Trainee: 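Have a look at the structure that comes next, please.
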Amino acid sequence: MRDMILITPCDFKLEKIKLLLSSDPSLVVNIDASRLGIGSLSTNEFIQIEYDESLSVHYEDDEGDVFKPHINEPSYYLINFKNIDFMKMIILKALNMPDIYLDNDLGLILQGTLFADLIKEKPNWDWALEINEAK
């Protein structure tokens, strides 16, 4: 499994993602308490997004400076996924928003719209491989 972190304003609800994905008949989207599951009917890929306030400790240093001027009281969600192409599709369809941030858990924290722009510019981009190759 791979992880990303979704950083949102405190009033953000997982229902917003579900609503954005509900028109796609190839997806199954379920919400259970503070967890959102997104499944692909065609590939059996699965993504889980779960609220996790304990992630806030990772942003007490200068990493939080990226989004704190834009998000007054952030909420944190852990995103678990296996297939990066499926994750990219979900980013483009439902996380392509200016008021949220995505952290690839490898040092890159960007607004949802900017993360989506990078995916569009480099469709074969794998943010984990790019970091590993730079080492």
Side-chain angles (χ1 to χ4, degrees):
M1 290 294 277
R2 295 172 70 172
D3 297 325
M4 292 185 76
I5 299 168
L6 172 64
I7 304 156
T8 71
C10 63
D11 60 350
F12 183 87
K13 303 290 182 226
L14 291 173
E15 287 83 5
K16 185 172 184 176
I17 297 171
K18 182 177 180 180
L19 182 64
L20 290 167
L21 298 174
S22 65
S23 63
D24 188 332
S26 71
L27 299 175
V28 175
V29 184
N30 295 305
I31 295 179
D32 178 24
S34 61
R35 182 181 309 148
L36 174 73
I38 307 165
S40 168
L41 293 173
S42 60
T43 65
N44 292 325
E45 295 298 336
F46 189 79
I47 293 173
Q48 180 175 289
I49 303 174
E50 184 170 12
Y51 177 76
D52 187 345
E53 198 58 38
S54 72
L55 295 169
S56 66
V57 298
H58 298 290
Y59 302 101
E60 291 174 354
D61 58 10
D62 57 345
E63 277 192 321
D65 293 348
V66 173
F67 59 84
K68 285 185 180 170
H70 309 283
I71 301 177
N72 194 22
E73 294 179 44
S75 293
Y76 304 92
Y77 296 85
L78 184 62
I79 304 172
N80 292 302
F81 66 99
K82 285 185 182 177
N83 183 298
I84 193 166
D85 291 323
F86 187 52
M87 186 67 224
K88 288 177 189 178
M89 183 199 53
I90 298 304
I91 290 170
L92 292 172
K93 285 185 173 204
L95 301 177
N96 186 359
M97 295 182 242
D99 60 336
I100 61 128
Y101 282 74
L102 290 164
D103 180 346
N104 73 348
D105 205 25
L106 298 165
L108 180 66
I109 304 171
L110 291 174
Q111 245 177 341
T113 51
L114 296 176
F115 212 101
D117 287 346
L118 264 176
I119 292 168
K120 290 174 197 172
E121 287 173 28
K122 303 190 286 186
N124 295 322
W125 176 47
D126 183 329
W127 46 84
L129 290 178
E130 187 172 292
I131 299 293
N132 290 333
E133 289 171 1
K135 291 181 180 179

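Everything quoted here is computed from the prediction, not taken from an experiment. Numbers for residues simply follow the sequence, beginning at 1.
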Trainee: Let's go through Ile17 and Phe12 carefully: what are the C-alpha distance in whole Å and the side-chain angles of both, what is the deciding distance for side-chain contact (heavy atoms from CB on, under 4.5 Å) to 0.1 Å, and is it a yes or a no?
Mentor: CA-CA 10 Å; Ile17 297 171; Phe12 183 87; 3.8 Å; yes
Trainee: Residues sharing Leu41's hydrophobic cluster, by side-chain heavy-atom contacts under 4.5 Å among ILVMFWY, directly or via others?
Mentor: Val28
Trainee: Measure the NE2-CG distance between His58 and Asp103 for me, rounded to the nearest 0.5 Å.
Mentor: 9.5 Å
Trainee: Rounded to the nearest 0.5 Å, how far apart are CD1 of Ile90 and CG of Asp85?
Mentor: 12.0 Å
Trainee: If two hydrophobic side chains count as joined below 4.5 Å and joins carry through other members, does Phe46 share a cluster with Val29?
Mentor: no
Trainee: Remaining members of Ile109's ILVMFWY cluster at a side-chain heavy-atom cut-off under 4.5 Å?
Mentor: Ile5, Ile7, Leu55, Tyr59, Val66, Phe67, Ile71, Tyr76, Leu78, Tyr101
Trainee: Determine the minimum heavy-atom distance between Ala94 and Met97, stating which atoms define it.
Mentor: O-CE, 2.7 Å
Trainee: Same cluster for Leu20 and Tyr51 if Ile/Leu/Val/Met/Phe/Trp/Tyr side chains link at under 4.5 Å?
Mentor: yes
Trainee: Kindly give the heavy-atom pair with the smallest separation between Lys82 and Met1, and that separation in Å.
Mentor: CG-SD, 3.3 Å
Trainee: Tell me the closest heavy-atom pair linking Phe86 and Ile38, and the distance in Å.
Mentor: CE2-O, 3.8 Å
Trainee: Verify, without hydrogens or angle tests, whether Asp65 (side chain) and Lys68 (backbone) share a donor-acceptor contact under 3.5 angstrom.
Mentor: no
Trainee: side-chain contact (heavy atoms from CB on, under 4.5 Å) for Gln111 and Thr113? Distances and angles first, verdict last.
Mentor: CA-CA 5 Å; Gln111 245 177 341; Thr113 51; 3.9 Å; yes
Trainee: Quick one: does any side-chain atom of Lys18 pair with a main-chain N or O of Leu36 as donor and acceptor, under 3.5 Å?
Mentor: no
Trainee: Should Leu21 and Leu19 be counted in the same cluster of Ile, Leu, Val, Met, Phe, Trp and Tyr side chains packed under 4.5 Å apart?
Mentor: no
Trainee: Under a 4.5 Å cut-off applied to non-hydrogen side-chain atoms, are Thr8 and Lys16 in contact?
Mentor: no
Trainee: How many angstroms lie between atom CD of Glu50 and atom CG of Asn80, to the nearest 0.5 angstrom?
Mentor: 8.0 Å
Trainee: What is the minimum heavy-atom distance between Cys10 and Ser75, and which atoms define it?
Mentor: CA-OG, 3.4 Å
Trainee: Please give me the minimum heavy-atom distance between Asn104 and Gly107, naming the atom from each residue.
Mentor: OD1-N, 3.3 Å
Trainee: Working to the nearest 0.5 Å, report the span between CG of Leu114 and CG of Asn96.
Mentor: 9.5 Å
Trainee: I would like to know whether Ile79 and Leu102 meet side-chain contact (heavy atoms from CB on, under 4.5 Å); could you show each step before the answer?
Mentor: CA-CA 10 Å; Ile79 304 172; Leu102 290 164; 4.1 Å; yes
Trainee: Going from CD1 on Ile84 to CG on Asp126, what distance comes out if it is rounded to the nearest 0.5 angstrom?
Mentor: 3.5 Å
Trainee: So, for Glu45 and Asn83, which heavy atoms are closest and what is the spacing to 0.1 Å?
Mentor: OE1-CB, 3.2 Å
Trainee: About how many Å separate CD1 of Ile49 and CG of Leu14, when rounded to the nearest 0.5 Å?
Mentor: 6.5 Å
Trainee: Using side-chain contact (heavy atoms from CB on, under 4.5 Å), reason through Leu92 and Met89 one step at a time and then give a plain yes or no.
Mentor: CA-CA 5 Å; Leu92 292 172; Met89 183 199 53; 5.9 Å; no
Trainee: For a 4.5 angstrom cut-off between non-hydrogen side-chain atoms, does Phe115 reach Leu95?
Mentor: no
Trainee: State, with a plain yes or no, whether a side-chain heavy atom of Lys13 is found less than 4.5 Å away from one of Ile31.
Mentor: no
